[in-house]
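Quantities reported herein were computed from a predicted structural model and do not represent experimental measurements. Per chain, numbering begins at 1; letters A, B, ... match sequence-line order.
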2 protein chains.
Amino acid sequence: MAPTRATIHDVASAVGVSPATVSRALARPELVAAATVERVRLAATELGYSPSPQARWLHTGMSEAITLVLPDITNPFFLDLIRGAQHEAARAGYTQMLVDTEESTEQERTHLLAARKTSDGAVLAGPRLSDADLAELSQLYPIVSVNRRIRGVPSVLVDTPPALAAAVDHLAGLGHRRIAYLGGPESAWFSPRRWQAIKSAAIRHKIDCEHLGAHPPTLDGGQRAAPQIAAGRATAVIAYNDVQALGLLRGLSALGVGVPDQISVVGCDDVFGAELAYPSLTTVTGSAERAGELATQALIERIATGRLPRRQNRSVPAELTIRTSTGPAPRSVPHGRRQPR
Amino acid sequence: MAPTRATIHDVASAVGVSPATVSRALARPELVAAATVERVRLAATELGYSPSPQARWLHTGMSEAITLVLPDITNPFFLDLIRGAQHEAARAGYTQMLVDTEESTEQERTHLLAARKTSDGAVLAGPRLSDADLAELSQLYPIVSVNRRIRGVPSVLVDTPPALAAAVDHLAGLGHRRIAYLGGPESAWFSPRRWQAIKSAAIRHKIDCEHLGAHPPTLDGGQRAAPQIAAGRATAVIAYNDVQALGLLRGLSALGVGVPDQISVVGCDDVFGAELAYPSLTTVTGSAERAGELATQALIERIATGRLPRRQNRSVPAELTIRTSTGPAPRSVPHGRRQPR
DNA sequence: GTGAAAGCGCTAACAA
DNA sequence: TTGTTAGCGCTTTCAC
């Protein structure tokens with residue numbers, strides 16, 4: 001499968017040159033006689049030698065690794081993000097570390113501290129730390145944020161708000177006059193922005209729109225909101241994200257509330273499972289993979305040049321995907337639904 | 001957020017001792033006077049110092065990092081595996097690298113070669129390399145495999161075969177007399193083993209059982225098998241994994257074949273989405289998270305002790321989860337189904 | 001209990 | 001074009 005660990009000295013003595021020549025032949029062949037380069041290369045492959053990143057780090061200060069920090073790997077949204085990030089990292093010859101902070105600010109802090117020692121920079125997906133902390137960190141260590149804008153920190157956003165406005169258009173077109181937004185957790189930077197987009201669109205359509213408060217971005221979080229929604233007067237709900245929306249679907253089904261007959265549901269992210277769910281989820285589709293690619297690209301540019309990337313804030317387009325969880329508003333408003341307790 | 005890179009010398013001169021003392025105070029405090037240890041610790045936190053893994057690697061040869069190699073991060077089965085692995089890694093103070101080989105044997109080989117330089121060992125989920133390659137690699141570099149047994153390589157299996165036998169019992173109990181197995185890809189070590197378990201159980205029940213050949217373990221792979229299945233005579237299908245099964249559900253629905261009325265479908269893994277699908281998927285549930293934990297634990301034991309772990313082959317129990325994609329066999333055998341083309 | 005010194009694998013001045 | 005040398009941050013003998 002592969003030979004053992006050879007050092008630069010092994011190659012040097014095999015070829016009969018000094019270690020320095022080996023180093024140069026491999027890293028900067030233009031400085032070395034073509035014939036020598038050839039012999040060194042041969043011997044290196046022969047012995048299975050390649051320079052150790054750790055030893056190299058001593059000089060260059062570069063580990064050629066980046067860290068991807070995720071709040072919750074359980075959310076399939078991050079699957080595509082991870083893959084996109086890995087593509088870019090591999091393309092640039094970087095190794096990728098992965099860290100799941102489990103929605104904990106403290107874990108995020110700890111892992112970031114550790115990352116500074118082991119990698120040259122980090123992509124932070126939906127970071128939880130304060131703007132101030134992140135801006136400060138960004139001065140000391142190259143970071144790029146995904147789905148959160150912070151002054152002084154390059155970022156990539158999946159541009160969901162316009163698509164959410166389109167979702168409101170869609171619902172209004174179906175005759176809904178009263179919609180609700182199931183908010184994400186307090187720490188989710190994007191949640192109030194999604195709410196804004198929804199509210200503005202609702203105002204434009206002159207329809208009612210209420211905010212149902214903060215809920216965990218989990219299946220359970222969505223499911224637990226079902227009774228409140230069933231008891232409420234809205235005929236359509238837009239959830240902060242798909243995982244929540246899917247949980248809500250489950251919760252409503254358990255309560256015997258028909259979707260979309262009695263209530264329409266819209267999600268956000270178009271995760272694995274959204275299309276397969278019953279009813280299939282109307283949602284906002286944007287490429288998390290592309291976001292991962294762009295973020296990693298920006299990060300590597302930042303690492304390589306030592307300055308902020310030229311395009312500091314990028315975004316990835318998103319659009320509404322209409323499936324079967326949305327339908328015409330029920331004729332008579334709340335019928336057969338539970339009363340608030 | 002955090003101070004800059006301090007070296008051991010900074011701490012040494014801050015405290016007024018030699019770098020050697022700092023090193024000892026932090027790594028082997030029992031060799032140093034308690035008072036000194038205290039002062040060193042204080043200064044270290046003060047300066048935000050912690051020893052660099054890279055520099056330490058020069059001596060110890062250890063990077064305190066492990067690599068998790070996955071064939072396809074797109075499969076949600078791996079979400080839980082990643083999380084379990086990360087828990088154990090973090091607990092033991094290891095950093096986790098992540099690599100997605102995209103089902104390519106060559107990428108697996110390349111990444112593994114790279115991993116040897118950057119990490120102390122690797123967990124390989126469903127590796128594609130040959131037994132010989134893996135056994136040889138295992139001599140040179142600590143690896144642990146998940147869901148594949150190879151002589152000389154410690155492994156962790158999610159023990160799905162008994163649960164698949166239970167699935168056959170379940171189907172037989174529902175009156176199915178003719179079932180089929182939708183195979184995974186050729187490279188999937190587990191596929192023939194699952195088939196074996198199913199076949200034996202079918203024989204025990206004296207029911208027919210056919211193998212539908214190899215199919216990609218993707219939504220698309222499952223969906224494309226739908227026509228063949230709709231045209232066949234089996235009244236129940238067990239798929240190699242859930243992703244395939246969910247694709248199959250989608251394909252059958254597109255063909256207008258009712259599940260479970262006309263055909264029952266069983267998956268394997270109980271991934272995110274299996275429960276939410278329509279109909280909700282009867283499947284085999286085992287803890288991928290636990291498998292990730294055990295594998296990482298075994299790997300770290302192997303790294304730390306330098307020998308194979310005591311329990312070389314471990315397994316995680318799995319059980320049948322009955323949902324609504326399975327139901328009584330249709331009365332009159334294939335009715336209303338398409339003919340083979 | 002602590003310090004001095006050597007060396008891990010590699011790169012980058014500087015010489016030759 | 002190539003070799004010599006020093007040194008990156010840390011650990012570990014070996015003295016003291």
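- Using modelled atom types, no side-chain atom of A/S13 and backbone atom of A/G16 make a donor-acceptor pair closer than 3.5 Å.
- In this structure, B/R39 atom CZ and C/dT2 atom P are separated by 8 Å, rounded to whole Å.
- A straight line from CZ of A/R28 to P of C/dA12 spans 7 Å, rounded to a whole angstrom.
- Salt bridge absent: A/D120 and A/R302 never bring a charged side-chain N and a carboxylate O closer than 4.0 Å.
- For the pair B/E64 CD and D/dG9 C1', the computed distance is 15 Å after rounding to whole Å.
- Considering only side-chain N and O atoms, A/T21 lies nowhere under 4.0 angstrom from the phosphate OP1 or OP2 of D/dT1.
- No side-chain donor-acceptor contact under 3.5 Å links A/R24 to the backbone of A/L31.
- Closest approach to the A/V17 side chain among D/dG3, C/dG1, D/dT2 is made by D/dG3 (side chain taken as heavy atoms from C-beta onward).
- Nearest-nucleotide positions on DNA chain C place B/G16 closer to the 5' end than the other of B/G16 and A/T7.
- C/dG9 atom C1' lies 13 Å from atom CG of A/L26, rounded to whole Å.
- Closest to the side chain of A/A33, out of C/dC10, D/dT2, C/dG9, is D/dT2.
- At the heavy-atom level, B/A20 lies under 4.0 Å from base atoms of the strands shown.
- Summary of the strand contacts: B/V37 and B/K117 both lie near DNA chain C, and taking for each the nucleotide with the nearest heavy atom, the more 5' one is attributed to B/V37.
- Here A/T60 does not reach the OP1 or OP2 of C/dT11: none of its side-chain N or O atoms lies under 4.0 Å away.
- Residue A/L58 has its side chain nearest to C/dG9 when only C/dG3, D/dC10, C/dG9 are considered.
- The nearest whole Å value for the distance from the CZ atom in B/R24 to the P atom in D/dG9 is 20 Å.
- Computed from coordinates, the A/L31 CG to C/dC14 P distance equals 15 Å when rounded to whole Å.
- Residue contacts shown for A/S18 include a base, since a base heavy atom lies under 4.0 Å away.
- Here the CG-CD distance, from B/L134 to B/Q139, works out to 12.0 Å after rounding to the nearest 0.5 Å.
- Atom CZ in A/R56 sits roughly 17 Å away from atom P in D/dG9 (whole-Å rounding).
- Remark: the B/S287 side chain and the B/E289 side chain contain no N/O donor-acceptor pair separated by less than 3.5 Å.
- Distance A/I8 CD1 to C/dA12 P: 11 Å, rounded to the nearest Å.
- Nearest nucleotide to the side chain of B/T36, out of D/dT2, D/dG9, C/dG1: C/dG1.
- Looking at heavy-atom distances under 4.0 Å, A/V22 makes no contact with the nucleic acid at all.
- Taking every side-chain heavy atom of B/V32 into account, C/dT2 is the closest of D/dC10, C/dT2, C/dG9.
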